[in-house]
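Predicted model, so just to flag it, every value in this text is computed and none were measured. Order of the sequence lines fixes the chain letters, A, B, ..., with proteins taken first and strands second; residue numbering starts at 1 for each chain.
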Amino acid sequence: MTGKLRLPRFQSQLPILVGIIVIMMIFLTIVSPNFLKAQNFSNILLKIGIYILIASAANLIMITGNLDLSVGAVLAFSGILHAYMCKHGIPIPLSILITCLAAMTWGVFNGFTVGKLRIVPVVATLGTMYMAEGLAFLIARWDGGTNIMLGLPGAYTRLGRYMLFGKIPIIIVLVVIVAAIFLFIEKKTKLGRFSFAIGDNRSAAELSGINVTKVIIILYALSALLAGFSGILQSSRVGLAAPNVGRMMETYVLIVCVLGGTKMSGGRGSIIGVLLGAAIIGLLENGLNLLGIEHFYQEVARGLLLIIAVIAQKNSKSVKS
Amino acid sequence: MKKLLLTVLVLIIGLGSVFAAGEQEDATEYDHVIGKIPYTFEHAYHQSVCREITEYAAKMYNTKAVIIDGESSAEATLAAVENLISQGVDGIALHCGDAGLSAKAVDMAHAAGIPMVTTLIRPENMTAPHIQPQETPSSIYMGAEAARQWKAAHPNTPIKVAMLNFGGIEQVWDMRTGAFMEGVQSVDPGAELVTMLNGQGSTVKSMEIILDVLQSDPDVNLIFGANDEMALGALAACEQLGRGVMDNGVPLTEIIAGLDASSAALVKIFDPNCSFKLTHGAVKDIARAEVDTVMAMINGEIPMDEYTETRVLSPTFDFWNTTIAEGQRHLETNFFYEGDLEADVKAAMK
C-alpha cells in the first residue's frame, strides 16, 4: 500500500478523447431533444471551426516547444483591417490578400523574436498580442467608433455566410481542407518532422542541420496567417468587425491543443488530437448553452476539463504522433 | 550594440522630455483637471461618453479631463482610481459595474480629499453624489412594446424570451433584463423567460450563444441584449438561421431589442425588414451631468460626501414610434455621428 492514487494508463490520449466525446454525445442526446439534429452539429462546427483553423498551425508551434499567445489579437486586428479597407473602397479580394499578408507579418515578427532572438515565446507573443490588439482598437477609432459596421459593402458578408451547395457553411469546408493540409504537413513533410525534432531536443535538431530559426518563423507565419484569415471569416460572418473579438482565443486554442494531447514542452501532438479537443470544447459549450447553464458554471466546467486533460496527458505513455 | 542602445535611450529621454513639457504646458492652460474612468473603452457608448466629457469640461469649465480605461475589470478600475489620485486630479467621475468596488473607490478618493461622482451602479456606501440614468422605465417600455408588436402579429403564439446579459452585475437585472421582462409580462403575463446567458458584451460570443439557444428552443420570439453589441450578435445568429426578418415592421420570426442606442443599432432598427427593432440610451446628458456634478463639488456648491441622485432620461428608439429624423438627431448629439442615417439604412439594406 503506497498510498498513491493510480490512474489507468493509455498508449495515447486519443482513445480517452473519443470516449469523452461519445459519453458527452449520449448524455446530451438524452437530456436535450434538440441536440441530435443536423443544424445543431452545424452550429457546433461553426463555433469550433475558428479554433481548429488557428490551432492547426498553433499546434505545430507547440510541438516545437513554443507558444503563440497573439492569435486572438491577430484575428481581431485582421478583421478590423479587412473591414476598414472594404469600407474605404478596396475590392474585397484585394483586401483579403493584404490582410493575410499583414497578419503574416505579425507571425514573421513572432518567429524572428522567438527563433532568432531567443526571447521566451510567452513574453514575445504577449508583446505582439498587445501591439496587434492596440492597433485593432486604433483602426476602429480612426474609423470613428469601436467597431466597423456602417458603410460596409453589401458583398462583405458573402464569404462568411456562403453555403456550399446551399447547405454546407464555407467555414466547415475550409476547416476540413486546412485540417487535411496540416495532417499532410505533420505526417509527410520535412516541416512536420522538423517540428517534432525541435520539440524533442532543439540543440540536437540544430546539430543535425535543421535550420531551427527558419522552421519557427514559418510556423509562426502560418499560425498568424490562419488567425488573420479566421478574423476575415469571422467578421464577414457576423457582418461587423470589432477589436475585442479575439479575447481569450489564445486560451481556447491552448485548451484545444492540450486536450488533444499536445505536450506543452514540445515533441508530441497531432492534428487529429486538435480536432478531437475542439470537438470536446464545442460539445461542452453547446451542451451547457442548450441546457441554459449559467456562464459561471460554464467557466468552472471549462477549467475542470483543462485539468482533466492535463491529468490524462500525464497518465498516457509518451507516444509520439 | 552599445551605440544602438545609447541612441534608443537618448531618443526615449528626448521624446519623454518633449512630451512631459507639452503635458505640463497643457495642464497649466486649464483651471482644473478631472479624471474619468469609463466601464470599458471597448463599447461605442463609453467612448462617446468620454469624448463628450472631454469636450464639455473644456468648453464649459475650462477643465481638462484625463481618461483612464476601467477595462471592465475590478483591478484595472481600482488601479485607475489610484493613478488619478496620485496625479492629484481635482475630481473623479467613475462608471463601475460593481457596487462594492465603487464604494471602495469612493472611500479612496475621499481619503485623498478628492470628490467623486458615480454613474449607473449605486455604490454600497452611498456617500457621494450619483448619476442615475433612468434605464428601468425605458427597459419596461421596450419590453411592453415588443410584446405588443408580437402579439398584434401573432396573437396565438406564446411569447418566449431569451436574454443576453453581462453576468455578475446584479443591478443590470433591475435596470435592463428584469425590467424588460416586467414590460413583456405587463402585456402577456404568460410570457416565459426561456434562458438568460452571459453574452460578455461581445457580438461574436452572443451570436454563438443565440445559435445554441435557438437550437434548444426554436420558439423563442423575443430576444433582449443588455447592450447593442450583444443584440447585434443575436441578430447575426438569427440571420444565419434564415430568421432575423420582418415584413415592413411586422414581426415574422422574432423581435430583438438592445441597449445604448448606438449608430450600428439604429441602422438596423430603421431597416423595415430587420428584426432588431428597439433600443434606448443617452450619452450627452449623462456625460454632462457627470461633469456638472464633479465641478459643483470642486467649486464647493454641493458636499462631496453626501449622497444625491441626479436622474437622467434614457430615451427609447424603436421602429414603430420614432422617426428616422429623431434617430439622426440622437446620433449627432450623442455619438458624434456625421453620416446620414437614412442613407446608411438604405446602404445596409442592399
Side-chain angles (χ1 to χ4, degrees), chain A residues 32-35 37 39-44 46-48 50 75-76 79 133 137 140-141 144-157 160-161 163 169 234-235 237-249 282 285-296 298-299, chain B residues 40-48 72 162 165-168 194-218 228-229 232-233 235-237 239-241 262-268 335-339 341 343-345 347-350:
Chain A
S32 173
N34 294 304
F35 172 73
K37 288 185 176 170
Q39 180 60 51
N40 192 43
F41 284 99
S42 171
N43 289 348
I44 296 172
L46 284 169
K47 191 194 300 258
I48 62 174
I50 299 291
L75 174 143
E133 190 177 281
F137 274 101
R141 208 164 176 190
T146 49
N147 55 42
I148 302 178
M149 192 194 94
L150 300 185
L152 290 175
Y156 187 79
T157 54
R161 297 181 185 180
M163 301 282 227
Q234 199 178 58
S235 84
R237 184 173 160 226
V238 182
L240 67 82
N244 63 351
V245 292
R247 289 271 164 85
M248 300 296 285
M249 182 59 77
E285 291 200 344
N286 176 257
L288 294 172
N289 282 338
L290 285 181
L291 299 174
I293 306 286
E294 271 199 71
H295 169 71
F296 312 109
Q298 295 198 15
E299 293 283 297
Chain B
T40 170
F41 236 21
E42 289 180 12
H43 298 158
Y45 172 83
H46 294 286
Q47 280 202 7
S48 297
S72 56
N165 67 4
F166 287 98
V194 173
T195 187
M196 183 162 64
L197 293 167
N198 186 357
Q200 300 171 26
S202 151
T203 306
V204 171
K205 190 76 198 165
S206 300
M207 177 184 68
E208 289 173 352
I209 289 173
I210 290 298
L211 279 173
D212 288 340
V213 168
L214 293 177
Q215 182 65 36
S216 163
D217 199 334
D228 284 341
E229 277 84 354
L232 287 165
L235 176 65
E239 286 174 345
Q240 188 178 301
L241 299 173
S262 63
S263 53
L266 290 196
V267 164
K268 297 293 183 189
F335 284 91
F336 305 91
Y337 177 70
E338 292 170 350
L341 184 56
D344 279 340
V345 171
M349 284 167 66
K350 277 178 191 168

Using a cut-off of under 4.5 Å on heavy-atom pairs, state which of B:Val204, B:Thr195, B:Val194 scores highest against chain A.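 Winner by heavy-atom pair count: B:Val204.
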For [X], is it the side chain, the backbone, both or neither that has a heavy atom under 4.5 Å from a heavy atom of chain A?
{"X": "B:Ile209", "result": "both"}
{"X": "B:Leu235", "result": "neither"}
{"X": "B:Leu232", "result": "side chain"}
{"X": "B:Tyr337", "result": "side chain"}
{"X": "B:Glu338", "result": "neither"}

Does any backbone or side-chain atom of [X] lie under 4.5 Å from a heavy atom of chain B? Answer side chain, backbone, both or neither.
{"X": "A:Leu46", "result": "side chain"}
{"X": "A:Asn40", "result": "both"}
{"X": "A:Gln298", "result": "side chain"}

Heavy-atom pairs under 4.5 Å with chain B are the metric here; pick the option from [options] that has the most.
{"options": "A:Arg237, A:Gln234, A:Arg141", "value": "A:Arg237"}
{"options": "A:Asn147, A:Leu240, A:Thr157", "value": "A:Leu240"}
{"options": "A:Leu150, A:Leu291, A:Leu152, A:Leu288", "value": "A:Leu150"}

A:Asn289 and A:Glu285: side chain donor to acceptor below 3.5 Å: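 Checked: A:Asn289/A:Glu285 side chains show no N/O donor-acceptor pair below 3.5 Å.
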Which distance, rounded to the nearest 0.5 Å, do you find between the [atom1] of [X] and the [atom2] of [Y]?
{"X": "B:Met207", "Y": "B:Glu239", "atom1": "CE", "atom2": "CD", "result": "11.0 Å"}
{"X": "B:Ser262", "Y": "B:Lys268", "atom1": "OG", "atom2": "NZ", "result": "11.5 Å"}
{"X": "B:Phe41", "Y": "B:Ser72", "atom1": "CZ", "atom2": "OG", "result": "13.0 Å"}
{"X": "B:Leu241", "Y": "A:Ser42", "atom1": "CG", "atom2": "OG", "result": "8.5 Å"}

Can you name the side chain to side chain donor-acceptor pair (under 3.5 Å) partners of A:Glu133, sequence neighbours left out?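 Side chain to side chain donor-acceptor pair (under 3.5 Å) list for A:Glu133, sorted by chain: A:Arg247.
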Using the test side chain to side chain donor-acceptor pair (under 3.5 Å), find all partners of A:Asn244 that sit at least two apart in sequence or belong to another chain.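 Result, side chain to side chain donor-acceptor pair (under 3.5 Å) vs A:Asn244: B:Glu42.
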Non-hydrogen side-chain atoms of B:Leu197 and B:Asp212 separated by less than 4.5 Å: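 The answer is no; the side chains never approach within 4.5 Å.
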